[in-house]
Colleague: 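Before anything else, here's the structure in question.
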Amino acid sequence: AQMIAAAKKPFIFVGGGAVIADASEEVRALAHKIQAPVCDSLMGKGAFSGEDELYTGPVGMHGTKTSNYAMCECDLLITLGARFSDRVTGDTKTFAPKAKILQIDVDAAEINKNIAVDASVIGDLREVLKLLLVKIPEKRHDEWVQHIQDMKEKYPLNYDHSQLTGPYVIQKLYELTDGDPIVPTDVGQHQMWAAQYFKFKEPRTFLTSGGLGTMGYGLGAAIGAKCGCPDKVVVNIAGDGCFRMNMNEIATATRSEIPVIEVVVNNHVLGMVRQWQNLFYGERYSSTTLYDKVDFVKLAEAMGAKAKRVETIEEFEAAFKEAVASNEPYLLDCIIDSDDKVWPMVAPGGSISDAFNEEDLEKQKQEESK
């Protein structure tokens with residue numbers, strides 16, 4: 001409480017423990033009581049609303065520049081149920097260099113494991129926050145929050161709006177559903193785009209395998225989620241590589257009449273690995289190209305589902321509305337460019353302060369050619 005009261009630039013980092021502990025109300029109360037910006041890990045999504053004005057987006061390898069820069073500028077990092085994975089921290093030697101770090105976690109083994117902290121509380125996050133909220137005064141950090149807002153405007157997430165892309169698919173899903181569906185994902189670029197562009201408002205509405213990196217996880221998770229929450233629209237976001245891992249489960253959905261929507265972001269490659277091969281391995285595309293003659297639409301129809309291929313922005317919106325209205329298992333095969341990338345990103349082993357996007361890469365190439 002004393003650390004929080006003394007902080008001038010507090011920053012809250014929310015992880016999956018906040019979801020497990022059902023602590024979302026307490027996390028929100030803390031953020032607004034001390035007027036602190038909030039970022040999250042992949043597993044923490046929904047524990048703090050993506051629509052809240054204090055939210056800065058995900059942090060780490062594919063975090064927003066605002067979250068990554070705020071992590072480097074804050075004077076107190078309040079870590080709630082997060083384990084400091086390498087995808088969040090980047091180079092641990094340069095992580096949160098100006099901050100005292102407070103970590104609250106139920107698992108004592110997570111304290112000082114990856115990042116040395118200045119103080120910790122071991123306990124159930126919801127119960128700890130209830131006790132903490134009573135002990136801390138209300139604080140205003142208008143200058144700090146305005147600085148964060150300025151960064152949000154200066155470094156927005158952006159993508160090509162002229163054609164069908166992964167980010168467009170995710171953002172349009174969010175708009176067409178008012179952000180209310182349950183969204184499982186598989187693993188890869190589409191998973192990162194979902195974390196960046198879908199503003200999850202509630203915990204347990206984003207289902208993903210996290211650090212396990214389980215390709216094929218999403219369709220089974222979607223079927224389970226729809227059984228558990230039959231009144232919710234359930235949309236699994238998959239890549240074409242992931243869909244191949246478990247595509248037979250379409251037959252499970254049709255056999256049991258479970259109306260899930262399978263959105264395949266199809267770039268005909270293993271996109272995340274290809275992105276690394278493109279940027280860091282001299283464009284040596286080893287085992288990542290999947291161009292072949294498999295027709296996902298015919299495959300889904302053969303298993304009893306409805307299906308449609310979409311290749312343009314206009315086609316996607318109409319097809320998704322049709323999928324929701326059908327109340328049947330429905331697959332959308334969304335064709336995007338093979339070299340679309342997840343921006344921004346941090347080079348493996350690099351500092352999160354060095355997050356870069358396509359424009360940064362272009363500037364660097366121009367300077368090197370001079």
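Both backbone and side-chain heavy atoms feed into the values below; hydrogens, waters and symmetry mates do not. This chain uses plain numbering: 1 for the first residue, then up along the sequence.
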Colleague: Contact between Leu164 and Val169 at the side-chain level, heavy atoms closer than 4.5 Å - yes or no?
Modeller: yes

Colleague: Taking all heavy atoms of Gly241 and all of Leu270, pick out the closest pair and write down the distance.
Modeller: CA-CD2, 3.8 Å

Colleague: Which pair of heavy atoms, one from Lys8 and one from Asp75, lies closest together, and at what distance?
Modeller: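 Where Lys8 meets Asp75 most closely, the heavy atoms are N-OD2, 2.8 Å.
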
Colleague: Checking Glu249 against Thr252: is there a side-chain donor and acceptor pair closer than 3.5 Å?
Modeller: yes

Colleague: Do NZ/NE/NH1/NH2 and the carboxylate oxygens of Lys306 and Glu328 come within less than 4.0 Å?
Modeller: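 Yes, Lys306 and Glu328 are salt-bridged.
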
Colleague: Taking the six-membered ring for Trp, is the centroid-to-centroid distance between Phe296 and Phe243 below 6.0 Å?
Modeller: yes

Colleague: Give the intermediate values and the outcome of side chain to side chain contact (heavy atoms under 4.5 Å, CB included) for residues Glu51 and Tyr55.
Modeller: CA-CA 7 Å; Glu51 295 182 341; Tyr55 181 63; over 6 Å; no

Colleague: Would you kindly say whether Gln103 and Asp118 are connected by a side-chain donor-acceptor distance under 3.5 Å?
Modeller: no

Colleague: Using a strict threshold of under 4.0 Å (side-chain N to carboxylate O), is an ion pair present between Lys298 and Glu301?
Modeller: no

Colleague: Is there a side chain to side chain contact (heavy atoms under 4.5 Å, CB included) between Leu279 and Gln275? Walk through the geometry before answering.
Modeller: CA-CA 6 Å; Leu279 293 173; Gln275 178 167 333; 3.9 Å; yes

Colleague: When you check the gap from the basic side-chain N to the acidic O, do Lys65 and Asp360 get nearer than 4.0 Å?
Modeller: yes

Colleague: Side-chain heavy atoms under 4.5 angstrom apart, residues restricted to Ile, Leu, Val, Met, Phe, Trp, Tyr: same cluster for Ile101 and Val38?
Modeller: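 In one cluster: no.
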
Colleague: Within the distance-only criterion (no hydrogens, no angle test), does the side chain of Asp186 pair as donor or acceptor with the backbone N or O of Gly216 below 3.5 angstrom?
Modeller: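 Yes, Asp186 side chain to Gly216 backbone: donor-acceptor pair under 3.5 Å.
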
Colleague: Flag the pair Val134 / Lys130 as yes when at least one side-chain heavy-atom distance between them is below 4.5 Å, and no otherwise.
Modeller: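 Not touching, per the 4.5 Å side-chain cut-off.
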
Colleague: Salt bridge or not between Arg309 and Asp295? Use side-chain N to carboxylate O under 4.0 Å.
Modeller: yes

Colleague: Whether Lys113 and Glu110 form a salt bridge (side-chain N of Lys/Arg under 4.0 Å from carboxylate O of Asp/Glu) is what I want to check.
Modeller: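 A salt bridge is present here (some side-chain N lies under 4.0 Å from a carboxylate O).
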
Colleague: Measure across Lys308 and Glu322 and return the closest heavy-atom pair with its distance rounded to 0.1 Å.
Modeller: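 That would be NZ-OE1, 3.1 Å.
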
Colleague: Please check: side-chain N/O of Thr177 versus main-chain N/O of Leu173, any donor-acceptor pairing under 3.5 Å?
Modeller: yes

Colleague: Is there a path of hydrophobic side-chain contacts, each under 4.5 Å between heavy atoms, that joins Leu361 and Tyr155?
Modeller: no

Colleague: Any chain of hydrophobic side-chain contacts (each under 4.5 Å) joining Val235 to Val264?
Modeller: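 Val235 does not cluster with Val264.
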
Colleague: Kindly work out whether a path of hydrophobic side-chain contacts (I/L/V/M/F/W/Y, heavy atoms less than 4.5 Å apart) joins Phe320 to Trp193.
Modeller: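 Yes, same cluster.
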
Colleague: Please tell me if the side chains of Cys334 and Val263 come closer than 4.5 Å, counting only heavy atoms from C-beta onward.
Modeller: yes

Colleague: Drop me the distance from Leu219's CG to Ile223's CD1, to the nearest 0.5 angstrom.
Modeller: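 Output value for this atom pair is 4.5 Å.
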
Colleague: Can any side-chain N or O of Asn112 pair as donor or acceptor with the backbone N or O of Val117 at less than 3.5 Å?
Modeller: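 Checking the backbone N and O of Val117 against the side chain of Asn112, a donor-acceptor pair under 3.5 Å is found.
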
Colleague: Does Lys199 have more than 12 heavy atoms from other residues, nucleotides or ligands lying within 6.0 Å of its NZ?
Modeller: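 Counting other residues, nucleotides and ligands, NZ of Lys199 stays at 12 neighbours or fewer.
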
Colleague: Restricting to non-hydrogen atoms, name the atom on Gly90 and the atom on Ile352 that form the minimum distance, rounded to 0.1 Å.
Modeller: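 Heavy atoms of Gly90 and Ile352 come nearest at N-CG2, 4.1 Å.
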
Colleague: Might you confirm whether atom CD of Glu368 has over 12 heavy atoms from other residues, nucleotides or ligands at distances under 6.0 Å?
Modeller: yes

Colleague: State, without any angle test, whether Thr56 and Thr66 hold a side-chain donor-acceptor pair at a distance under 3.5 Å.
Modeller: no

Colleague: Any heavy-atom pair between the side chains of Ile258 and Cys227 that's under 4.5 Å?
Modeller: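 The answer is yes, as the side chains (C-beta and beyond) meet within the 4.5 Å cut-off.
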
Colleague: Could you check whether Asp292 and His268, counting side-chain N and O atoms only, form a donor-acceptor pair closer than 3.5 Å?
Modeller: no

Colleague: Are any of the side-chain heavy atoms of Met272 and His62 separated by less than 4.5 Å?
Modeller: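 The answer is yes; the side chains approach within 4.5 Å.
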
Colleague: Which value, rounded to the nearest 0.5 Å, describes the distance between Ile336 atom CD1 and Asp160 atom CG?
Modeller: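 The distance works out to 11.0 Å.
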
Colleague: Supply the atom-to-atom distance Cys39 SG to Leu54 CG, rounded to the nearest 0.5 angstrom.
Modeller: 12.0 Å

Colleague: The test is side chain to side chain contact (heavy atoms under 4.5 Å, CB included); show your working for Lys9 and Leu76 and say whether it passes.
Modeller: CA-CA 6 Å; Lys9 298 179 179 180; Leu76 176 66; over 6 Å; no

Colleague: At what distance, to the nearest 0.5 angstrom, does CE of Met71 lie from OG of Ser353?
Modeller: 12.0 Å

Colleague: Determine, for Arg83 against Asp105, whether the closest basic-nitrogen to carboxylate-oxygen distance falls under 4.0 angstrom.
Modeller: no

Colleague: Keeping the roles fixed (side chain from Thr254, backbone from Gly304), state whether a donor-acceptor pair exists under 3.5 Å.
Modeller: no

Colleague: Assess the side chains of Gln196 and Thr64: does a donor N or O sit below 3.5 Å from an acceptor N or O?
Modeller: no

Colleague: Could you state the interatomic distance from CD (Glu25) to CG (Asp22), rounded to the nearest 0.5 Å?
Modeller: 9.5 Å

Colleague: So, for Ser24 and Ala47, which heavy atoms are closest and what is the spacing to 0.1 Å?
Modeller: CB-O, 3.1 Å

Colleague: Knowing that exactly one of Trp343, Tyr168, Tyr159 qualifies, which makes a ring pair (Phe, Tyr, Trp, His ring centres under 6.0 Å) with Tyr197?
Modeller: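 Testing each of Trp343, Tyr168, Tyr159 against Tyr197, the sole residue satisfying ring pair (Phe, Tyr, Trp, His ring centres under 6.0 Å) is Tyr159.
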
Colleague: Given side chains that start at C-beta, do those of Met43 and Val19 come closer than 4.5 Å, heavy atoms only?
Modeller: no

Colleague: Take atom NZ of Lys152 as the centre, draw a 6.0 Å sphere, and report whether it contains more than 12 heavy atoms from other residues, nucleotides or ligands.
Modeller: yes

Colleague: Just so I know, are the side chains of Ile78 and Leu80 near enough to count as touching, which here means a heavy-atom distance under 4.5 Å?
Modeller: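 Ile78 vs Leu80: side chains touch.
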
Colleague: Are there more than 12 heavy atoms of other residues, nucleotides or ligands under 6.0 Å from atom CD of Gln163?
Modeller: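 Enclosed: over 12 neighbouring heavy atoms sit under 6.0 Å from CD of Gln163.
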
Colleague: I'd like to know if the side chain of Glu311 reaches the main chain of Ile335, judged simply by a donor and an acceptor atom lying under 3.5 Å from each other, with no hydrogens or angles considered.
Modeller: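 Looks like no, no N/O pair under 3.5 Å.
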
Colleague: Taking all heavy atoms of Asn114 and all of Thr92, pick out the closest pair and write down the distance.
Modeller: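 Asn114 and Thr92 have their closest heavy atoms at O-CG2, 4.0 Å.
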
Colleague: Atom OG in Ser338, atom CG in Leu290: separation rounded to 0.5 Å?
Modeller: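 Going from OG on Ser338 over to CG on Leu290, the span is 9.0 Å.
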
Colleague: Would Asp339 and Arg274 pass as an ion pair if we require N to O under 4.0 Å?
Modeller: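 Salt bridge between Asp339 and Arg274, a charged N being under 4.0 Å from a carboxylate O: yes.
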
Colleague: Report the residue from Asn327, Val234, Val233 that forms a side-chain contact (heavy atoms from CB on, under 4.5 Å) with Pro259.
Modeller: Asn327

Colleague: Flag yes if more than 12 heavy atoms outside Lys100 fall under 6.0 Å of its NZ atom; otherwise flag no.
Modeller: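 No, NZ of Lys100 has 12 or fewer neighbouring heavy atoms, counting only those of other groups under 6.0 Å.
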
Colleague: Are Leu133 and Ile104 linked, directly or through intermediate hydrophobic residues, by side-chain heavy-atom contacts shorter than 4.5 Å (ILVMFWY only)?
Modeller: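 Yes; Leu133 is reachable from Ile104 via cluster members.
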
Colleague: Do Glu317 and Lys321 meet the salt-bridge criterion of a basic N to acidic O distance under 4.0 Å?
Modeller: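 Answer for the salt bridge query: yes.
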
Colleague: Salt-bridged, Asp142 to Arg140, with N to O below 4.0 Å?
Modeller: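 Salt bridge: yes.
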
Colleague: Determine, stepwise, if the pair Val187 / Tyr217 fulfils side chain to side chain contact (heavy atoms under 4.5 Å, CB included).
Modeller: CA-CA 8 Å; Val187 175; Tyr217 163 91; 5.7 Å; no

Colleague: Hey, are the side chains of Ser41 and Ser85 touching, using non-hydrogen atoms and a 4.5 Å cut-off?
Modeller: no

Colleague: Could you walk me through whether Ser286 and Gln277 pass the side chain to side chain donor-acceptor pair (under 3.5 Å) check?
Modeller: CA-CA 8 Å; Ser286 172; Gln277 290 173 342; 4.9 Å; no

